[in-house]
Structure formats: structure tokens, C-alpha cells
Amino acid sequence: QVQLVESGGGSVQAGGSLRLSCTASGSILSIKAMGWSRQAPGKQRELVAVITTAGITNYKDSVKGRFTISRDNAKNTVYLQMNSLKPEDTAIYYCYADGTSYGSPYRYWGQGTQVTVSS
């Protein structure tokens, strides 16, 4: 199993910045990719950014150029730097880890951290 602990959420005004962190523990060698997803009130959860163990990144179109995902392998931690935040970025942000265990794929989720952007 993989355990994920997030931190760094909070409240900012539009145009501000926040950095989210997600630290993995447990069966970390089985992880193939880690990423961030978010869910706003009344909306479905959506993928925001992902980074593979090879360092390949991908972003939701609406955050490209504003958000940057990175990783520190020594700390088993993934970061999401969020700049130029907009009110529509308000959501609970969840870290996730994708991998395989005994040949079966898995996805583990963190507990979520609230990000609130006021206009």
C-alpha cells in the first residue's frame, strides 16, 4: 500500500500563489506516476497535473502556464506550485499515486487539502 499526506492548502486572493506538497510512504517503489486532482463543490473530480517517474508532466489545459508539478525523489514528495490563481481554482485538491502491485494497477488518494481563491 501507499500512504499520501498532503499539505499547503489555504486561502489567497486572486493572482496569488500557493504550493501544495504530497509525501508518499509505504510501497513507494511501485509508484509509476503521481499527480493532483481537484473537486469543486457540485462538480466532478478532475485531473489537474501528473508527473511520471521519468519526469514527464501533463496538465489540464486551464492550468497550463500557471501551475507547475515537480518531484523530489529523495523526499518522496511531489509539489504543485500554483501561480496566478483564479477563483475558479477553488476546490479540494487531492494527491494521487498510480502504480502496479502484483501486476494489478492501483491508484491511491490523499485526504485532500482545501484551496480557496477569493476575487
Side-chain angles (χ1 to χ4, degrees):
Q1 285 195 339
V2 174
Q3 294 78 44
L4 302 171
V5 178
E6 301 139 334
S7 62
S11 298
V12 294
Q13 290 190 329
S17 299
L18 284 173
R19 190 177 81 154
L20 306 181
S21 301
C22 175
T23 299
S25 62
S27 301
I28 57 174
L29 294 181
S30 68
I31 296 174
K32 305 300 181 186
M34 291 181 67
W36 293 90
S37 182
R38 68 187 182 187
Q39 187 166 18
K43 295 187 177 181
Q44 290 189 330
R45 191 175 295 191
E46 59 183 11
L47 298 182
V48 174
V50 61
I51 185 166
T52 70
T53 52
I56 298 170
T57 59
N58 200 15
Y59 298 90
K60 177 180 173 60
D61 284 346
S62 63
V63 307
K64 286 181 180 177
R66 300 189 297 123
F67 291 10
T68 302
I69 189 169
S70 61
R71 62 191 297 157
D72 184 335
N73 291 329
K75 296 182 179 179
N76 302 319
T77 299
V78 170
Y79 304 97
L80 185 67
Q81 178 67 44
M82 304 185 293
N83 298 329
S84 302
L85 282 162
K86 304 176 180 180
E88 51 264 41
D89 294 318
T90 295
I92 299 174
Y93 283 70
Y94 297 91
C95 174
Y96 69 88
D98 287 342
T100 57
S101 177
Y102 299 101
S104 297
Y106 65 72
R107 172 169 287 180
Y108 288 102
W109 294 94
Q111 79 282 2
T113 185
Q114 178 70 47
V115 171
T116 302
V117 185
S118 57
S119 58

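Note that the coordinates shown come from a computational prediction; the quantities given were computed from them, not determined experimentally. The analysis underlying the following values was restricted to heavy atoms, covering all of them including side chains, and did not include hydrogens, waters or symmetry mates.
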How close do V2 and S27 get, counting heavy atoms only, and between which atoms? CG2-O, 3.7 Å
Which heavy-atom pair separates V63 from V48 by the least distance, and what is that distance? CG2-O, 3.8 Å
List in chain and number order the residues that pass salt bridge (Lys or Arg N to Asp or Glu O under 4.0 Å) with R66, two or more places apart in sequence or in another chain; answer none if no residue qualifies. D89
List for me each residue that meets salt bridge (Lys or Arg N to Asp or Glu O under 4.0 Å) alongside K32, sequence neighbours excluded, and say none if there are none. none
Note: with side-chain heavy atoms under 4.5 Å as the link, the other cluster members for L29 come out as none
Can you pull out every side chain to side chain donor-acceptor pair (under 3.5 Å) where at least one residue sits in residues 40-52? Sequence neighbours excluded, please. R38-E46, E46-K60
The complete set of disulfide (SG to SG under 2.5 Å) pairs with one or both residues in residues 52-94, sequence neighbours excluded, reads none
Sorted by first residue and then second, give each ring-ring contact (aromatic ring centres under 6.0 Å, His included) pair with at least one member in residues 44-103; sequence neighbours left out. Y96-W109
Of all residues at least two apart in sequence or in a different chain, which pass the side-chain contact (heavy atoms from CB on, under 4.5 Å) check with E88? K86
Among residues at least two apart in sequence or on other chains, which ones pass side-chain contact (heavy atoms from CB on, under 4.5 Å) with N83? S17, Q81
With T23 via side chain to side chain donor-acceptor pair (under 3.5 Å) - residues at least two apart: T77
How would you list, by chain and number, every residue that makes a side chain to side chain donor-acceptor pair (under 3.5 Å) with S62, sequence neighbours excluded? none
Option passing side chain to side chain contact (heavy atoms under 4.5 Å, CB included) with V115 (candidates T90, L20, I92, L80): L20
Just verifying a value: how many Å separate S21 OG and K75 NZ, rounded to the nearest 0.5 Å? 9.0 Å
What pairs of donor and acceptor atoms, side-chain ones from residues 6-13 against any protein atom, are under 3.5 angstrom apart with sequence neighbours left out?
| unit_1 | atom_1 | unit_2 | atom_2 | d |
| --- | --- | --- | --- | --- |
| E6 | OE1 | Q111 | N | 3.1 |
| E6 | OE1 | G112 | N | 2.4 |
| E6 | OE2 | C95 | N | 2.4 |

Contacts of type ring-ring contact (aromatic ring centres under 6.0 Å, His included), residue Y108, not counting sequence neighbours: Y106
